[in-house]
Amino acid sequence: MSRKIVVTSALPYANGAIHIGHLVEYLQTDIWVRFQKLAGNECMYFCADDTHGTPVMIRARAEGITPEELINRVHSEHLGDFTGFGIEFNNYYSTHSEENRLFSEQLYKHAVDNDSISKRDIEQAFCESCDMWLPDRYIRGICPRCKAEDQYGDSCDMCSGTHQPTELIDPKCANCGASPVRKKSTHLFFKLADYGDRLKELIKNGYVQTSVMNKLDEWFSSGLRDWDISRDGPYFGFKIPGEENKFFYVWLDAPIGYMASCKNYCDKNGLDFETLWNSEEYELYHFIGKDIMYFHALFWPAMLISAKMKTANKLFVHGFLTVNGQKMSKSKGTFIKAATYLKHLDPEYLRYYYLSKLTGGVEDIDLSFEDFTAKINSDLVGKLANMASRSGPMLTKKLGAMLGKLDDEGRELIGKLQAAKESIMADFESLNYASASRQISGLADICNKYIDQKQPWTTIKTDEETTRTTLTVVINAVKILTIYLKAALPGYAEKIEQFLGVEPLTFADVETVLEDRKINKFVRLVERVDKEKVEAMVEESKEDIGVPQAEENQVEEVKLDEPLEPECTIEDVMKVDLRVAKVVSAELVEGANKLLHLELDLGALKKSVFAGIRKAYKPEDLVGKTVICVANLKPRQMKFGLSEGMILAAGPGGEEVFMLGIDEGAKPGMRVH
RNA sequence: GGCGGCGUAGCUCAGCUGGUUAGAGCGUGGGAUUCAUAAGCCUAAGGUCGGUGGUUCGAGUCCACCCGCCGCUACCA
């Protein structure tokens, strides 16, 4: 029986561009949504821009436009980015919409009726020159603890301590630099604690992954606090009914934006919103990052419970993206915007890469450019695309583009691929895409072995029909693997569908077999990753930001061919025992093209070392030379013998190797300090 | 500081409820091939599973402590 599913991704804020970190979530979600559809389920995907709040207001002011103009522009930019990456929303809406206003007012009214709203005064910073209340983020000053300058109102980057904005020394408005004043104001609070038991119940029943549950336990045990849901004007948002100059805090109406987007879609398409959003007929899932767990696991369901509405079946929480093992950095050029990526690289690369990394857990995932290039080039191009490329053209050029029939052996191979279907589908369902991609990759290995073993390039010379059978098997294998990958690589799949001359494939087609039919001309499926394009993308990401802090007269950043190793201690250095050594003999190594075999004299002892310096040094030039060697390196068994040390040399390798010498007078065996 | 997560081959990561010689892909060395997007196949080397101690017949897997990294710490969007 097919399922009916509604899915959302977190709403990106309308104050900045989509970057590759955001895309982890949207691609994770999009792959899941596409998977559900391919599996024969009905699945709808809703999202929207999160448009309200102080940052949007400030940004619009800075650009001299209205907030509406800003959010309209950003909306189309965001949508363009998503479309560029093949992310297919049923509706990409905005929180600044009538639907959202109505729902926000409705949910608020329910909360009021349930006596879940309280009022009390709070003191907050107000900038008189900007005529605006300042969130903590918009107050800068000196950290009360470590006295670092220019720190946020709530936390200090230098000592990583947290503090109250009132404690900040010499506070300034981050916007205009004026000193803010403290003013009292009445705020509305949602009494979250009233919903504690029901939230615990929800979470106990599998609302989130277990690791997320642990985190939530922490919050529960420290007690749920009331949630400030109002902001004083001027504020870009919805006015709170019955209040003077008060607006809903942006986080109140943001998740409601999911509903608004769904409602807007339903109205445009003649569907019943109540059925889609609020009935048991449809499952509901939210995909979010771990930073907004609090809102989605506590506030949001509490508000829905208060309004007697359905809560989601499950929250799928994912981790953050690091690039080359570190936080995305504007100065390093790893803060890569979606639009910048698209100028240089194929979006399907990133879709495949994230597929290969995502596990459904909350751990961060790392995008290493080296790994990225290797994975795409070897897995996607070398294994998968190449499979099609080594069968398709032969079939079209030499065998009239006609498929034959599978033989027993072929059926066995195809059977193996078909048998993996359930397990691969289970991986997609549970968001363990990495596991799915490993399975698929393993299947491609089996197929490539089959091709090697069958040698169609040999049999074609003598036996066309046997060759046709072999290639028919391969084409059918390609078809199945394409289905397995299609959720992640829709563009790739489409090319193969055209090549095979078939209707759009789904998981149901895994069981069907293509026989005795014509196929179309083979087109290249995917290009290899060009390292230079990756570099160009990183370069451009640096330029996006401009040269940072040039006026600070900072130490010029050194650019090395090989990046600097992490800082080490003197103890680390002392572990390496460097000794002066004299080359006693040097000879070529039979069968090796990079190695020289050296005998070294270290005074009291001798060492036999294999060094990869053959392209740079001739054996006869080395004998008698004094070099520096690592004397306590663990001996390594090489094919040609045991290497007991390592000669110090500089350079990238090959012909460019430069050995370290030492000044006159040093004797073999002396330690280098 | 408190809390959560992580630390497994050069790199990126799998290892379910503890159970035979710890796995994959990439990379590296060697070999046989050449249909294919310099791809594919065979084969070798490479890990005291962050450290120490403990529970157990048996621990990468459980417990304690320590070290290192990341994140959260709620009126921040």
Test log, rule side-chain contact (heavy atoms from CB on, under 4.5 Å), inputs A/Asp452 and A/Arg390: CA-CA 10 Å; A/Asp452 263 72; A/Arg390 60 197 304 210; 3.1 Å; yes
Inter-nucleotide C1' distance (B/A9, B/G29), Å rounded: 16 Å
Sugar-phosphate, base or nothing in reach of A/Leu525, heavy atoms under 4.0 Å: base
Separation of B/A77 P from A/Arg59 CZ (nearest whole Å): 16 Å
Atom P, compared across B/G7 and B/C57: separation rounded to whole Å: 28 Å
Listed nucleotide nearest any side-chain atom of A/Asp371, set B/G25, B/C75, B/A77: B/G25
Polar contact flag, side-chain donor to acceptor under 3.5 angstrom, A/Asp364-A/Thr322: no
B/U48 and B/G10, which share atom name P, separated by this distance in whole Å: 8 Å
Separation of atom CD1 in A/Ile71 from atom C1' in B/A77, rounded to whole Å: 15 Å
Name of the residue among A/Thr54, A/Val250, A/Ile58, A/Ile71 meeting side-chain contact (heavy atoms from CB on, under 4.5 Å) with A/Phe236: A/Ile71
A/Lys183 with A/Asp232: basic N within carboxylate O range, under 4.0 Å: no
Rounded distance in Å - NZ (A/Lys246) to C1' (B/C75): 14 Å
Neighbour count >12 (heavy atoms, 6.0 Å) for atom CZ, A/Arg225: no
All N/O pairs under 3.5 Å across the protein-nucleotides 5-8 of chain B interface:
| residue | atom | partner | partner atom | Å |
| --- | --- | --- | --- | --- |
| B/G5 | OP1 | A/Asn214 | ND2 | 3.2 |

Touch class at under 4.0 angstrom, heavy-atom based, for A/Ala385 against every strand present: base
Integer-rounded Å distance: B/U37 C1' and A/Lys531 NZ: 18 Å
Heavy-atom side-chain proximity of A/Val523 to A/Gln498 below 4.5 angstrom: no
Interatomic distance at C1', B/G15 relative to B/A24, whole Å: 10 Å
For A/Tyr349, the option from A/Asn377, A/Thr373, A/Val526 that meets side-chain contact (heavy atoms from CB on, under 4.5 Å): A/Val526
Sugar-phosphate only, base, or nothing, as touched by A/Thr54 at under 4.0 Å among non-hydrogen atoms: nothing
Separation between the P atoms of B/A22 and B/G50, rounded to whole Å: 15 Å
P atoms of B/G54 and B/G60, separation to the nearest Å: 15 Å
Pair of N/O donor and acceptor under 3.5 Å linking B/A36 base with A/Trp457 side chain: no
Sequence-distant partners of A/His19, side chain to side chain contact (heavy atoms under 4.5 Å, CB included), two or more places apart: A/His22, A/Met328, A/Phe335
B/U61 versus B/G51 - spacing of their P atoms, nearest Å: 10 Å
Whole angstrom value for the distance that separates C1' of B/C35 from CG of A/Leu471: 9 Å
Sugar-phosphate only, base, or nothing, as touched by A/Asp379 at under 4.0 Å among non-hydrogen atoms: sugar-phosphate
side-chain hydrogen bond (donor to acceptor under 3.5 Å, both in side chains) assessment of A/Tyr352 paired with A/Ser437: CA-CA 9 Å; A/Tyr352 183 81; A/Ser437 96; 4.7 Å; no
Residue-phosphate contact under 4.0 Å: A/Tyr450 side-chain N/O, B/C41 OP1/OP2: no
Side chain of A/Asp228 (C-beta onward), nearest among B/C35, B/C70, B/C75: B/C75
Spacing of A/Tyr352 atom OH relative to B/U37 atom P, expressed in whole Å: 20 Å
Stems formed with participation of RNA chain B [Watson-Crick or G-U wobble, under 3.5 Å, three or more pairs]: B:1-7 with B:67-73, B:10-13 with B:23-26, B:28-31 with B:41-44, B:50-54 with B:62-66
Given RNA chain B, 5'-ward residue of the pair A/Glu527 and A/Arg120, judged by closest heavy atom: A/Glu527
Touch class at under 4.0 angstrom, heavy-atom based, for A/Pro456 against every strand present: nothing
Residue pair A/Phe189 / A/Ile122, side-chain heavy-atom distance below 4.5 Å: yes
Distance between P atoms of B/G19 and B/C63 (Å, rounded): 15 Å
Whole-Å distance separating the CG atom of A/Leu224 from the P atom of B/C75: 14 Å
Report, one pair per line, the protein and nucleotides 38-40 of chain B atoms (nitrogen or oxygen only) whose separation is under 3.5 Å.
| residue | atom | partner | partner atom | Å |
| --- | --- | --- | --- | --- |
| B/A39 | OP1 | A/Arg528 | NH2 | 2.7 |
| B/A39 | O5' | A/Arg528 | NH2 | 3.4 |
| B/A39 | O2' | A/Gly382 | O | 2.5 |
| B/A39 | O2' | A/Asn386 | ND2 | 2.7 |
| B/G40 | O2' | A/Arg390 | NH1 | 2.8 |
| B/G40 | O2' | A/Asp452 | OD1 | 2.9 |
| B/G40 | N2 | A/Asp452 | OD2 | 2.8 |
| B/G40 | N3 | A/Asp452 | OD2 | 3.4 |

Residues that A/Ala477 engages under side chain to side chain contact (heavy atoms under 4.5 Å, CB included), provided they are two or more places apart: A/Met387, A/Ile414, A/Leu417, A/Cys447
Touch class at under 4.0 angstrom, heavy-atom based, for A/Phe372 against every strand present: nothing
Check ion pair A/Lys454-A/Glu409 (N to O, under 4.0 angstrom): yes
Salt bridge A/Glu465-A/Arg468, side-chain N to carboxylate O under 4.0 Å: yes
Options B/C70, B/A14, B/A77, nucleotide nearest the side-chain atoms of A/Thr359: B/A14
Rounded distance (Å) that lies between atom P of B/A14 and atom NZ of A/Lys375: 10 Å
Partners meeting ring-ring contact (aromatic ring centres under 6.0 Å, His included) with A/Tyr353 (sequence neighbours left out): A/Phe372
